[in-house]
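These notes are about the structure you will find just below.
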Amino acid sequence: MPLQSAVLFTFLKGFFLKHCRANFLVSSIFHISFFTHWQFDYLLETVVLLINLAVLHRLMVSYLPPKIQARQNGRPAQAKPEVREGLLACADPFRNAHSCMPDSPVMDLDEALKFVGEFGPYQKRAVAVLVLTQVYMACQSMLIVLVGFTPEYRIEQHQQQDGVPVSQHVTFTENVDSIVTEWFLIKQQAYKVSLAGSLFFAGLLIGNVVFGPLSDKIGRRPVYLTGLFFEVVFGYVTAFAPSYEVFAASRFLVGLMNGGIGLVCFVLTQEYVGKSYWAMTGTLTSMTFAVGIALFGALGYLIQPWRNLATAANSSGVLFFLLSVSLPESPRWLYSQGRAERAEEVLRFMASRNGNAVKHLMLQRVGVSKAGNHKSRGAGVLQLIIHPVLRLRTMVLMYVWYACSLVYYGLTLGAGETSGSRYVNVAMYGLVELPAYPLCIYFINKHWAGRRKSMASFLCLAGSACLCTTFIPENAGALLSVTSLALVGKLMVSAAFNIAYVYTSELYPTVIRNAGLGVCSMSCRVGGILAPFVPSMRALHTSMPFTVFCLSGLSAGCLGLLLPETLNRPAAETLEELGSPGLGRVLESKPLLYEDESCASTHK
């Protein structure tokens, strides 16, 4: 018998035995058919084939729609859609061949990622590209600290004999090339340096609001690539700006793109990997940003003319854009939008690059209510206000992000004003963050600490460090000084900021995760806009800036305790899943806390 006939009859036998296990006649017919193909002549083969086709026709009629079935046998019957879909899928052997296999695994996305590889070689390369992009983003964020440096200067006035000043000549005592020395941003024009920094953070604010919901609607990949491309373009406009007005406008546009791609880049590092690796990828993202700050300080020392520095810092973005072009769309976003077939293609592509032969991977098909209907998808940010659980979470998280940003940037942007080399100060304020991230990885994965308690503790410690600076005299030693305590506060708030990113991404469902992160980042940028103006409060009292940082950290830490713990709990994919007791509560009762800790201990 030809090989094709043997394969066909073996498949038909398996199909009928699966759906008609009690039909002994069918089983016998196929046994006889298979035997006769090898032992008897073609006449007997033809007879058995006709019998098989008759049985096949009878079974297919039983699965036809009721109206057609009524015309076939005169009585209506309820068709079985799952079997009818199986017959249609098997009609074309070259399309969706994996759906015809009786033993094809059907799983949700988290199970599929475990099957594919939660953090395989391909995911490591993709996450590495996204994480290293943070170096470029850090250079753009800290650019104003070095290019806007104001050196010492003196003003010489040329007077006539009657004492009336005729002209003034500004002489800078340091050999510094910055926007201040090129456009004479001193005296009444000095505010323009801070204005350029505030415009950058204003762009971050708008970028978070616009790009977050946009990536939830049209996808992560197109928003990320478009934003990165235009940030590089506007970065070169900054480097070659002919006037301050063009420079300030370009800083706003760079901030607009930076805020958008920073958010989407972080989300992609989470959604490419399994949930058990979210904390690690989020921590790596923040660590690389801190390394980028330190590298920018070293780059500024090597390249001191501000236009050359801006060009060099922006050129790394070209490399990261070229490396990011080949990145796929987020399978988690595709699955949340009901595009399971496309998500399967991405997962199979990842599996092949990871060295796993996954040919029959199938995701559970979610209905319209689970994938998110057009009404819920169109609502976007409005769901953060309408949904009762999301509303309270968003209010608390917005204040936490605001406090983190105010303390973080208030201490970081002051690096250029402290005594000593400005390049060393910038690098030091970046490197001081690095010890915080191993602590984050350790604490947030422990059942006795988790995300919530760790974030609240680090915020309170940051506020306490800033409070202690108010009791330190100005002539204190180098070991215990205002600068050392400020660095401790920067260390603590960096840890809290890192946890806030990871924690927030776990508190929001996939269908609205970017919108939630965008709104929280918006409040974060408000803190960034206000941070440069806090040091001016020294006019009221020398300890006033640190008092503001202290109250912000302590209050945010206390409010963070109102959020639910997400450690060892499934990530919500849709808004409907927030209704479950484990995902929807905001305040946890004491008995439930004991229960959660015991459940968490069973996972260790």
Side-chain angles (χ1 to χ4, degrees), residues 113 117-142 204 207-208 211 215 220-221 223-225 227-229 231-232 257-296 298-299 313-333 350 353-354 408 427 430-431 433-442 444-445 494-495 497-506 513-514 517 521:
L113 281 172
E118 289 189 287
F119 197 51
Y122 178 76
Q123 284 117 313
K124 291 178 182 178
R125 291 191 294 269
V127 170
V129 173
L130 295 170
V131 165
L132 290 175
T133 308
Q134 296 295 318
V135 175
Y136 168 70
M137 299 174 62
C139 292
Q140 291 293 346
S141 299
M142 299 298 295
L204 288 178
N208 293 148
F211 283 86
S215 65
R220 319 301 200 207
R221 183 177 180 272
V223 172
Y224 170 72
L225 292 178
L228 182 57
F229 173 78
E231 181 173 2
V232 172
M257 300 301 159
N258 191 289
I261 68 169
L263 182 65
V264 180
C265 179
F266 177 82
V267 172
L268 279 175
T269 60
Q270 304 275 285
E271 296 185 349
Y272 278 159
V273 302
K275 189 176 183 295
S276 59
Y277 290 91
W278 282 12
M280 186 191 69
T281 56
T283 301
L284 286 175
T285 302
S286 300
M287 282 185 67
T288 312
F289 189 88
V291 173
I293 295 177
L295 291 177
F296 178 69
L299 184 65
N314 190 67
S315 297
S316 62
V318 179
L319 174 63
F320 293 127
F321 175 78
L322 296 176
L323 293 174
S324 301
V325 170
S326 61
L327 294 178
E329 182 56 89
S330 165
R332 193 174 292 274
W333 177 82
M350 289 182 175
R353 292 301 184 92
N354 290 338
Y408 180 90
L431 293 176
E433 301 181 29
L434 296 181
Y437 301 120
L439 294 176
C440 293
I441 296 177
Y442 176 78
I444 64 179
N445 289 317
S494 299
F497 217 161
N498 172 63
I499 297 175
Y501 267 95
V502 178
Y503 193 25
T504 304
S505 65
E506 295 178 348
R513 182 170 295 130
N514 254 18
L517 283 169
S521 296

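Heavy atoms only: backbone and side chains are in, while hydrogens, waters and symmetry mates are out.
- Considering every non-hydrogen atom in both A290 and G430, the closest pair reads CB-O, 3.4 Å.
- Nearest heavy atoms, L204 versus G259: CD2-N, 3.1 Å.
- Of the N and O atoms on the side chains of E433 and N498, not one donor lies less than 3.5 Å from an acceptor on the other residue.
- Considering only residues two or more places apart in sequence or on other chains, Y277 meets the ring-ring contact (aromatic ring centres under 6.0 Å, His included) condition with F119.
- The side chain to side chain donor-acceptor pair (under 3.5 Å) check on Y501 picks up nothing, with sequence neighbours excluded.
- Rounded to the nearest 0.5 angstrom, T269 OG1 and L130 CG are separated by 6.5 Å.
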Subject >> Step-by-step side-chain contact (heavy atoms from CB on, under 4.5 Å) determination, V135 to T288 >> reply: CA-CA 6 Å; V135 175; T288 312; 3.5 Å; yes
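- Atom CD in Q140 sits 8.5 Å away from atom CZ in F296 (nearest 0.5 Å).
- By the side chain to side chain donor-acceptor pair (under 3.5 Å) test, T285 pairs with no residue at all, sequence neighbours left out.
- For the pair A495 and A436, the tightest heavy-atom approach, listed with the atom from each and the gap, is CB-CB, 3.7 Å.
- Residues passing the side chain to side chain donor-acceptor pair (under 3.5 Å) test with Y224, sequence neighbours excluded: T133, S324.
- When all heavy atoms are compared, the tightest approach of V127 to T281 is CG1-CG2, 4.2 Å.
- With contacts defined as side-chain heavy-atom distances shorter than 4.5 Å, the pair L327/Y272 qualifies.
- Among residue pairs with one or both ends in residues 267-293, those qualifying as salt bridge (Lys or Arg N to Asp or Glu O under 4.0 Å) are R220-E271, E271-R513; sequence neighbours excluded.
- Side-chain atoms of V131 and M287, non-hydrogen and from C-beta on, never get closer than 4.5 Å to each other.
- Separation of atoms OG (S494) and CD1 (I293) is listed at 8.0 Å; rounding is to 0.5 Å.
- Annotation: side chain to side chain donor-acceptor pair (under 3.5 Å) contacts of N258 (sequence neighbours excluded): E231.
- Atoms CG and CD, on L268 and E329 in that order, are 7.0 Å from each other to the nearest 0.5 Å.
- Residues Q134 and F266 fail the side-chain proximity criterion, which asks for heavy atoms closer than 4.5 Å.
- Considering all non-hydrogen atoms of both residues, L439 and P435 come closest at CG-O, 3.4 Å.
- How far CD of Q270 is from CE of M280: 10.0 Å, rounded to the nearest 0.5 Å.
- In this structure, the ring of Y136 has its center no less than 6.0 angstrom from the ring center of F320.
- Between N314 and V232, some side-chain heavy-atom pair lies under the 4.5 Å cut-off.
- To the nearest 0.5 Å, atom CZ of residue R125 and atom CG of residue L323 are 12.0 Å apart.
- Here the closest non-hydrogen pair linking L517 and T504 is CD2-CG2, 3.5 Å.
- Aromatic ring orientation, F321 versus F229: tilted (interplanar angle from 30° to 60°).
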